[in-house]
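For reference, the structure is listed below as structure tokens.
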Protein chains: 2
Amino acid sequence: MSKRIGVLELAVLGLLHESPMHGYELRKRLNSVLGTFRAFSYGSLYPCLRDMLGRGWIAEDGAVDGAPALTGKRAKIVYRLTAEGKERFQQLLTEIGPSAWEDDDQFGVHFAFFARTEAEVRLRILEGRRRRLEERLDYVRASLTRTRERLDSYTLELQRHGLESVEREVRWLNELISSERAGAAPRAGDSSQVSPTEPFGDPSPAGSPS
Amino acid sequence: MSKRIGVLELAVLGLLHESPMHGYELRKRLNSVLGTFRAFSYGSLYPCLRDMLGRGWIAEDGAVDGAPALTGKRAKIVYRLTAEGKERFQQLLTEIGPSAWEDDDQFGVHFAFFARTEAEVRLRILEGRRRRLEERLDYVRASLTRTRERLDSYTLELQRHGLESVEREVRWLNELISSERAGAAPRAGDSSQVSPTEPFGDPSPAGSPS
DNA sequence: GTTAGCATGTAAGGAGTTACATGATTTT
DNA sequence: AAAATCATGTAACTCCTTACATGCTAAC
């Protein structure tokens, strides 16, 4: 039960929600929106599109408003979201199950579309994810205490780094959760030169630091 | 070309190198050694064992020296590494290819068995991994600079966190690499109560296991 | 006019999971 | 003697990748 939904399908629905696109472009946007999380190949994208077309969630769309006007011919196949597709997308986002936090990728994709997700659902996903990670921490820490004498220093170091990574993600979730409860958007400030132009909650226009 | 080797196979070889074990135990050790990295189910382990048996890398082993003596009957099937298996293991560890750093899991498993890996190979893997991550950073940062205006604050936050994670791993690798060059073992100190008992170059076969 | 990149696909298969099925042994 | 957990497996399936095959179009 609780069929495992492919990451790809949800991502495609989410991207087409913004604007119609053809496959090639979709794949690029996909890999850029998901950032370090995940990368997809055409070999998985096109069959997925064919499937979704068959199920009526997307439809072909010849030369629409937003698309660049071509010389007349078109080799491109632009897809747009149908009404059923929009419904499906909302359903996938709202009817969350453990899949949204069990799996790293699933969580990543869900998070990527948080802007289109109800506040309540966002909170449940974040909290579910946090709980899941804390369970992992408990489990790993316990088995580490039991077996650490038998592990060489490299294995230990791997464990240590792994634990630290998960702890870090928990802290991140903590911040996000209190942000959410306060009704604010995530900070999304600075880092390198990443600055929010269209925030959601608070505008802080930064120049263009090359 | 360069057949992609399953993570599982290498891990099994590595674990059986320490001592003979039966499937159930193997799976537990597997998930404990790999820590937060990866978890396996029986449905993948047993078929893998069957395969490896067929290829002659492991063999059944009725009640050997290290194993607990049973009442006479045995339902357990204890596997041990054959000579070919040992050779295969060393080959997999030494004949590294991109697989050792391209894929997160592959890198994790390779790292887990660094204690049995030549210093030179360790260094190459660490550096390969670092380079790979830096390429990812470049790519993501570039596409982020191009498209950051179009991203909502959640997507941005996801990107930011992703970047930070990778940057953190690069710093970790930097430390490991200079450690390696200095000829030392990784620090593996503190954290919770994790303390190094066996500092480095001794794969001593631990006194009496239970 | 040829390389580079855009664009769309398919066939084969890898690596693993879930869910099921079954029995032995230890604990309560 | 019931419940837990140890122990071994199989069948069907999922989701995605690699490698291939093909053509168009923009740049040099």
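The basis for the numbers below is simple: all heavy atoms, side chains too, and nothing from hydrogens, waters or symmetry mates. Just so we're on the same page: letters track the sequence lines, and every chain starts at 1.
- In this structure, OH of B/Y24 is placed 15 Å from P of C/dT25, rounded to the nearest angstrom.
- Checking C/dT8, C/dG16, D/dA7 against every side-chain atom of B/H22, the shortest atom distance belongs to D/dA7.
- Here the C1' atom of nucleotide D/dC16 and the CG atom of B/D103 are 13 Å apart, to the nearest Å.
- Between A/E60 and A/V78 the shortest side-chain heavy-atom distance does not fall below 4.5 Å.
- Note on A/R50: a side-chain N or O is less than 4.0 Å away from OP1 or OP2 of C/dT10.
- Straight-line distance from the CD atom of B/E102 to the P atom of C/dG14: 20 Å, rounded to whole Å.
- Summarising the geometry, the separation between CG on B/L45 and C1' on C/dA15 is reported as 14 Å, rounded to the nearest angstrom.
- Distances shown here put every side-chain N or O of B/S44 at or beyond 4.0 Å from the OP1 or OP2 atom of C/dA15.
- Among the nucleotides C/dG16, C/dA7, D/dG9, the one closest to any side-chain atom of A/Y46 is C/dA7.
- Remark on DNA chain D: of its neighbouring residues A/S41 and B/K28, the 5'-side contact belongs to B/K28, judged by nearest-heavy-atom nucleotide.
- At the heavy-atom level, A/R38 lies under 4.0 Å from the strands shown only through sugar-phosphate atoms.
- At a threshold of 4.0 angstrom between heavy atoms, the contacts of A/G43 include nucleobase atoms, whether or not backbone atoms are also involved.
- Here C/dC6 presents its P atom at 18 Å from CD1 of A/I77, a figure rounded to the nearest Å.
- For D/dG9, the OP1/OP2 oxygens have no side-chain nitrogen or oxygen of B/Y42 closer than 4.0 Å.
- Looking at A/R80 and A/I58, their side chains never come closer than 4.5 Å, going by heavy atoms from C-beta outward.
- Side-chain contact between B/R141 and B/Y139 is absent, with no heavy atoms from C-beta onward closer than 4.5 Å.
- For the atom pair CG of A/L133 and CZ of A/R171, the computed distance is 12.0 Å after rounding to the nearest 0.5 Å.
- Using a 4.5 Å heavy-atom cutoff, the side chains of B/Y42 and B/R27 are in contact.
- Here the two rings, on B/H17 and B/F89, have centers that are under 6.0 Å apart.
- Rounded to whole Å, atom C1' of D/dG9 lies 15 Å from atom CG of B/L26.
- Checked against the 6.0 Å centroid threshold, A/Y154 and B/F113 do not count as a close aromatic pair.
- Going from atom CG of B/L49 over to atom P of D/dG9 covers 8 Å, rounded to whole Å.
- Whole-Å rounding puts the B/M21 CE to D/dA7 P distance at 13 Å.
- Rounded to 10 degrees, the angle separating the terminal helix axes of the helix from C/dG1-D/dC28 to C/dT28-D/dA1, each built from five base pairs, is 30°.
- Of the candidate nucleotides D/dC16, C/dG16, D/dG9, D/dG9 has the atom nearest to the side chain of B/Y79.
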